[in-house]
Q: 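First the structure, then my questions, so here it is.
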Protein chains: 2
Amino acid sequence: MATARLRSRKLSEPTISRLPVYQRIVEGWAAQGLQRIDSSQIGELAGVTATTVRRDLAGLGTLGTRGAGYDVTVLNERIGEALGQSIHCDVIVVGMGNLGRALVNSTNFLVRGATLAALYDVDSKVVGTEIGGQVVRSFSEPLPNATVGVLCVPADQAQEACNRLVAANVHAILNFAPQVLTVPLGTAVHYVDFSIELQILMYHLNNGTGPLGGGVLHSLGIAAATNHRGA
Amino acid sequence: MATARLRSRKLSEPTISRLPVYQRIVEGWAAQGLQRIDSSQIGELAGVTATTVRRDLAGLGTLGTRGAGYDVTVLNERIGEALGQSIHCDVIVVGMGNLGRALVNSTNFLVRGATLAALYDVDSKVVGTEIGGQVVRSFSEPLPNATVGVLCVPADQAQEACNRLVAANVHAILNFAPQVLTVPLGTAVHYVDFSIELQILMYHLNNGTGPLGGGVLHSLGIAAATNHRGA
DNA sequence: GGATGTGAAGTAGTTCACAGCC
DNA sequence: GGCTGTGAACTACTTCACATCC
């Protein structure tokens, strides 16, 4: 259903990473009861130029109105469509330490289209407790069919946990552990590394390019490395 | 000190975001007692081509040996230098929920050059408790001089907390709240948004570009939007 | 009038291919 | 022989400028 017009495929990587930002802005606009937004308003909030916003949105088909900007409801829907939020996606989270809890308890992490299927931990003190409405299971239990696995385990356990996910037929992994993972071809790993964010910020601090100084302007990209290669 | 040769300035944004990845790889190599690494080995682990690795590293000056790759110790040092890890940087964390705790307790978040100066929360049940060796202070107390502020507060409190940081002369903010912040010109905000990572992964899942399918290859970039604009 | 959507130009980043050095 | 470092070619993304449509 809703196979209306998914015309232009192949959004560029930078575009894909900006769309969720636009969507968040549009949702905020909608929450304030506003109905229209234009490319320069989105651009200012997202930290990119209005032209970039228009280019990005043009990739989703014609959805603006010349002279009047974009309808926030339509825009929100179309971005969601483009990002695949209309397709169901089961997510399992492995490792219920502070980070795992933070993710699960966040009202924000599980976006439309993603459902929390199960939580896992190896600590018997945590297994059986309820977090975010889900009972934490033992990671030694059989895993359900899931499409995305989120790894919130310590670095030294990441590869092993990853192996179990791969064996359970999970083909997409969001890895919060500061550990490069080896996976078979056909599995995507997406890394999120907080310290890298901090280091980038520190670089700009020390070089005047970011704060106080000159020209960072937008630099809005993907938060991590996505790779998939042979074992 | 150590003002040896900081020759080529202006590393490109993609390069800056890859350097911490290389550094992590090199550290892992060193921990295993290995002394040399070559560009294709780094590239494979980082998910980029060997040429890209060499280009990135060439920006730090001549530091490899033709025919023999790079010395892991030297490489580690020079990347650290380039990223400004030799310059001291005080970090304060605001909001000690699960995420704030996860960051502070992570052995990985505070990289070389960054020192945890203070922790803050508004919850009187948390204020006064000790987390990661630091006593949590009330956010209404005067703030110390810090160079980087890390926001781990709920979205609806983010702007207010941000204002306090700006008033306390913090010019670089790492914002984990899903909230676009308005800051005065001269302040850098760097956004980290977990749900965006998940959405990017879901997009690739639904389009076959990432897992199972074809061509994601590397896509290694910045995790967020950095902007600074007028109030 | 005003903002979108887009060809054309410009810029930045990556990849190729190989000279240079160990 | 092997791997670095880099000019040259290529590709991708962004920005400009403006025709187009409400």
Side-chain angles (χ1 to χ4, degrees), chain A residues 5 7-19 21-22 26 29 34-44 46-72 74-75 78 209 215-222 225-227, chain B residues 5 7-19 21-22 26 35-44 46-72 74-75 78 209 215-222 225-227:
Chain A
R5 54 279 195 243
R7 87 189 53 182
S8 39
R9 284 296 151 76
K10 291 231 169 122
L11 302 171
S12 79
E13 210 64 29
T15 297
I16 295 164
S17 66
R18 282 189 296 259
L19 287 178
V21 180
Y22 301 162
V26 166
W29 221 251
L34 299 162
Q35 292 184 342
R36 311 222 119 240
I37 192 168
D38 66 46
S39 60
S40 61
Q41 292 168 320
I42 297 175
E44 178 155 354
V48 299
T49 66
T51 309
T52 298
V53 173
R54 291 203 299 277
R55 272 260 184 246
D56 287 338
L57 297 181
L60 315 185
T62 305
L63 69 170
T65 308
R66 288 173 201 242
Y70 303 87
D71 180 283
V72 294
V74 172
L75 193 47
R78 297 301 296 279
T209 42
V216 157
L217 34 141
H218 59 285
S219 65
L220 193 149
I222 309 161
T226 300
N227 66 2
Chain B
R5 53 281 195 242
R7 83 190 55 182
S8 38
R9 284 297 151 73
K10 290 232 169 122
L11 300 172
S12 79
E13 210 63 30
T15 296
I16 295 164
S17 65
R18 281 188 297 257
L19 288 178
V21 180
Y22 301 162
V26 167
Q35 292 183 343
R36 309 221 121 243
I37 192 167
D38 68 45
S39 59
S40 62
Q41 291 168 323
I42 297 174
E44 178 156 353
V48 299
T49 66
T51 309
T52 298
V53 173
R54 290 202 299 277
R55 272 262 183 245
D56 287 339
L57 296 182
L60 315 186
T62 304
L63 69 169
T65 310
R66 290 174 199 241
Y70 303 87
D71 181 283
V72 294
V74 173
L75 193 48
R78 296 301 295 281
T209 42
V216 157
L217 31 142
H218 58 283
S219 64
L220 193 149
I222 308 159
T226 300
N227 67 1

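Atom set for the values below is all heavy atoms of this structure, side chains included, hydrogens, waters and symmetry mates excluded. A, B, ... follow the sequence lines: proteins, then strands. Residue 1 opens every chain.
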Q: Please tabulate, one pair per line, each protein N/O and nucleotide N/O from nucleotides 19-22 of chain D that are separated by under 3.5 Å, including the distance.
A:
unit_1, atom_1, unit_2, atom_2, d
D/dT20, O2, A/R66, NH1, 2.6

Q: Are side-chain heavy atoms of B/T15 and B/Y22 found at a separation under 4.5 Å?
A: no
Q: Could you tell me whether the side chain of B/E44 and the main chain of B/Q41 form a donor-acceptor pair under 3.5 Å?
A: no
Q: Between the side-chain atoms of A/R55 and the base atoms of C/dG7, is any donor-acceptor pair under 3.5 Å?
A: yes
Q: If we only count heavy atoms from C-beta on, is the B/D38 to B/V53 side-chain gap below 4.5 Å?
A: no
Q: Applying salt bridge (charged side-chain N to carboxylate O under 4.0 Å, His left out) as the test, list every pair that has at least one member in residues 56-67 of chain A; sequence neighbours left out.
A: A/R18-A/D56
Q: Between B/R78 and B/L63 (side chain of the first, backbone of the second, donor and acceptor by atom type, cut-off under 3.5 Å), is there such a pair?
A: no
Q: Please determine if a side-chain N or O atom of A/T52 lies less than 4.0 Å away from the OP1 or OP2 oxygen of D/dC13.
A: no
Q: Please determine if a side-chain N or O atom of B/Y70 lies less than 4.0 Å away from the OP1 or OP2 oxygen of D/dG5.
A: yes
Q: With axes from five pairs an end, tell me the bend angle of the helix from C/dG1-D/dC22 to C/dC22-D/dG1, nearest 10°.
A: 10°
Q: Under 4.0 Å: is that the gap between some side-chain N or O of B/R54 and OP1 or OP2 of D/dT4?
A: yes
Q: Output all residues satisfying side chain to side chain contact (heavy atoms under 4.5 Å, CB included) with A/R36, sequence neighbours left out; order by chain, then residue number.
A: A/T65, A/A68, A/D71
Q: Is the distance from OP1 or OP2 of C/dC16 to the nearest side-chain N or O of B/T51 less than 4.0 Å?
A: no
Q: Any base atoms under 4.0 Å from A/L63, or only sugar-phosphate, or nothing? Heavy atoms, all strands.
A: sugar-phosphate
Q: What does A/S39 touch in the nucleic acid at a heavy-atom separation under 4.0 angstrom: a base, only the sugar-phosphate, or nothing?
A: sugar-phosphate
Q: Is the shortest side-chain N/O distance from B/R18 to OP1 or OP2 of C/dT14 below 4.0 Å?
A: yes
Q: Among all residues two or more places apart in sequence or in another chain, which pass the side chain to side chain contact (heavy atoms under 4.5 Å, CB included) test with B/R54?
A: B/S39, B/A50, B/T51, B/Y70
